[in-house]
Each structure stands twice: as structure tokens, then as C-alpha cells.
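Working notes, beginning with the structure itself.
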Amino acid sequence: MALHVALVEPEIPPNTGNVVRLCAATGAGLHLIEPLGFSLDDHNLRRAGLDYWDAVDVWVHPGWRYFREAVSRERCLYFSAHGTRAYWDAPFRDRCCLVFGNEGAGLPERIRLKYPDRVFRIPMLSSVRSLNLATAVGIVLYEAIRRVGGLEIT
């Protein structure tokens, strides 16, 4: 099993650090798409990721275009509070890349409009605008693992 997570222009260091920890726990690769709202040397980022950074394949892309050149469109599934279908309807498969927007603006509208059939959401009560980014990644990543297989309880 080889799953990937991509964060589009993440803004909050501890969220990205927690996603690093999720990727370490699951063997998922991580793509960070610049501009980032922090330095990769940020203390809070490193602290949230603990000592798991070396356990994760991390790619930093200088922008969306560079990410697009590195990861084929067919591998990408997009997650947004603006999606119309639930994440459990996503066609997870080996090598897919789970793409999430940032904490402030979410997944950019240009991406949602370009790939509407590949945008999914995590259902929640209407009184809540969105979930924490790391929480959303965890929910979707573990569903992808459940569907694709790959992790065993040891």
C-alpha cells in the first residue's frame, strides 16, 4: 500500500506537524505545496511532528503547477467542506493522493471547479464550518487505508 497526502499552502505549523505524525503512523507520503505559512524549521512544526520527520517521505513543491507535474491527476482525490459527496464514496485505491486545502481558505475554488467529480467532504452538522485540518486528514486517510488495505494491528 502506498498512499499520499498533499496539503495545499498549509498555514498552521502544529497542524502540519500532526499530519507528519499521521503519515509516519500509516506509511503515507506527504506533499507540501508552497507557499507555506511557516518555515520548515519552525519549532512548533517540529514539536508537533515529534521525531517522526525522518520516518516520512516529504516532498515540498514550489507551487501547484510543480505538484501537478509530479503527481498525475488520476491519482488525486480532493477533500473540501464544499464537496457535495461524502468521503466514503471516494474511489480510494493504491497510490492515490489525498489533497486538502489550508486552514483559512480550504481547497482553492479553482481546483474544486476543475475536478468537481473528484471532490469529497466529511459530513458534519451545519453548525460547524469545518474540522481541524489534521483531524480531517486522519479521518480520510484511515478510511483510505481501510478500503485499500495495508495496515495490520501489531
Side-chain angles (χ1 to χ4, degrees), residues 1-38 40 42 44-50 52-53 55-61 63-64 67-68 71 73-151:
M1 175 201 70
L3 296 171
H4 294 257
V5 172
L7 304 180
V8 180
E9 303 176 7
E11 300 170 330
I12 301 174
N15 284 338
T16 299
N18 283 320
V19 172
V20 166
R21 196 180 322 189
L22 278 165
C23 289
T26 60
L30 178 62
H31 299 263
L32 300 175
I33 303 166
E34 294 180 329
L36 307 179
F38 48 83
L40 290 177
D42 185 285
N44 292 320
L45 175 70
R46 292 286 169 183
R47 182 171 178 233
L50 297 175
Y52 297 114
W53 283 89
V56 179
D57 287 331
V58 179
W59 293 270
V60 179
H61 304 278
W64 179 254
F67 170 73
R68 271 276 145 257
V71 179
R73 288 169 176 80
E74 296 77 33
R75 289 179 49 199
C76 293
L77 299 171
Y78 306 93
F79 299 90
S80 167
H82 300 285
T84 57
R85 294 186 299 161
Y87 72 96
W88 50 71
D89 293 332
F92 297 111
R93 65 183 194 278
D94 193 29
R95 296 185 29 83
C96 70
C97 186
L98 314 172
V99 182
F100 296 83
N102 66 36
E103 296 90 335
L107 192 67
E109 183 179 34
R110 71 182 191 281
I111 297 170
R112 296 191 324 259
L113 293 176
K114 189 166 186 175
Y115 306 104
D117 60 324
R118 300 182 71 76
V119 178
F120 301 90
R121 69 178 287 137
I122 298 169
M124 63 188 92
L125 298 177
S126 61
S127 60
V128 176
R129 183 178 64 247
S130 63
L131 294 172
N132 171 276
L133 177 60
T135 300
V137 171
I139 290 168
V140 173
L141 180 56
Y142 273 92
E143 174 64 8
I145 289 167
R146 186 185 74 78
R147 297 259 293 284
V148 174
L151 281 183

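Throughout, numbering of the chain's residues begins at 1 and tracks the sequence. For the numbers below, each heavy atom of this structure counts, side chains included, while hydrogens, waters and symmetry mates do not. These numbers were taken from a predicted model, which means no experiment stands behind them.
- Taken to the nearest 0.5 Å, the CD1 atom of Ile12 stands 9.5 Å off from the CZ atom of Phe38.
- When every heavy atom of Leu22 is checked against every heavy atom of Leu141, the shortest pair comes out as O-CD2, 4.2 Å.
- Judged purely by atom type and a 3.5 angstrom limit, Asn102 has no side-chain atom pairing as donor or acceptor with the backbone of Glu11.
- Interatomic distance, Arg146 CZ to Trp88 CH2, rounded to the nearest 0.5 Å: 11.0 Å.
- With hydrogens and angles ignored, the 3.5 Å screen pairs a side-chain donor or acceptor of Arg68 with a backbone N or O of Val71.
- Residue Leu3 holds its CG atom at 13.0 Å from CG of Leu30, rounded to the nearest 0.5 Å.
- The two residues Cys97 and His31 have their closest heavy-atom pair at SG-CD2, 4.2 Å.
- Nearest heavy atom pair, residue Leu133 against residue Glu103, reads CD2-OE2, 3.6 Å.
- Ring-plane geometry between His4 and Trp59 is classed as tilted, the angle between the planes lying from 30 to 60 degrees on a 0 to 90 degree scale.
- Between the CG atom in Leu36 and the OG1 atom in Thr16 there is a gap of 7.5 Å [rounded to 0.5 Å].
- Asp94 places a side-chain N or O within 3.5 Å of a backbone atom of Ala2 that can act as its donor or acceptor partner.
- Put simply, the side chain of Ile111 does not reach to within 4.5 Å of the side chain of Val99, judged on heavy atoms.
- When ring centroids are compared, Phe79 and Phe100 come within the 6.0 Å threshold.
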Could you go step by step and tell me if Asn132 and Asn18 meet the side-chain contact (heavy atoms from CB on, under 4.5 Å) rule?
CA-CA 11 Å; Asn132 171 276; Asn18 283 320; 5.9 Å; no
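- Judged purely by atom type and a 3.5 angstrom limit, Arg118 uses its side chain to pair as donor or acceptor with the backbone of Cys76.
- Residues Arg110 and Trp64 share a closest heavy-atom pair of NH2-CB, 3.7 Å.
- Contact annotation: the side chain of Phe92 never approaches that of Ile145 to less than 4.5 Å [non-hydrogen atoms, C-beta and beyond].
- Put simply, the side chain of Arg112 gets close to the backbone of Leu107: a donor and an acceptor are under 3.5 Å apart.
- Expressed to the nearest 0.5 Å, how far CG of Asn15 lies from CG of Leu7 amounts to 9.0 Å.
- In this structure, the side chains of Val140 and Phe120 stay at 4.5 Å or more apart for every pair of heavy atoms.
- Closest approach of Val119 and Gly83 over heavy atoms only: CG1-CA, 3.7 Å.
- The minimum heavy-atom distance linking Val19 with Ala134 is given by the pair CG2-CA, 3.9 Å.
- Without hydrogens or angle criteria, Arg147 side chain to Pro91 main chain gives no donor-acceptor distance under 3.5 Å.
- In this structure, Arg121 contributes its side chain and Thr84 its backbone to no donor-acceptor pair below 3.5 Å.
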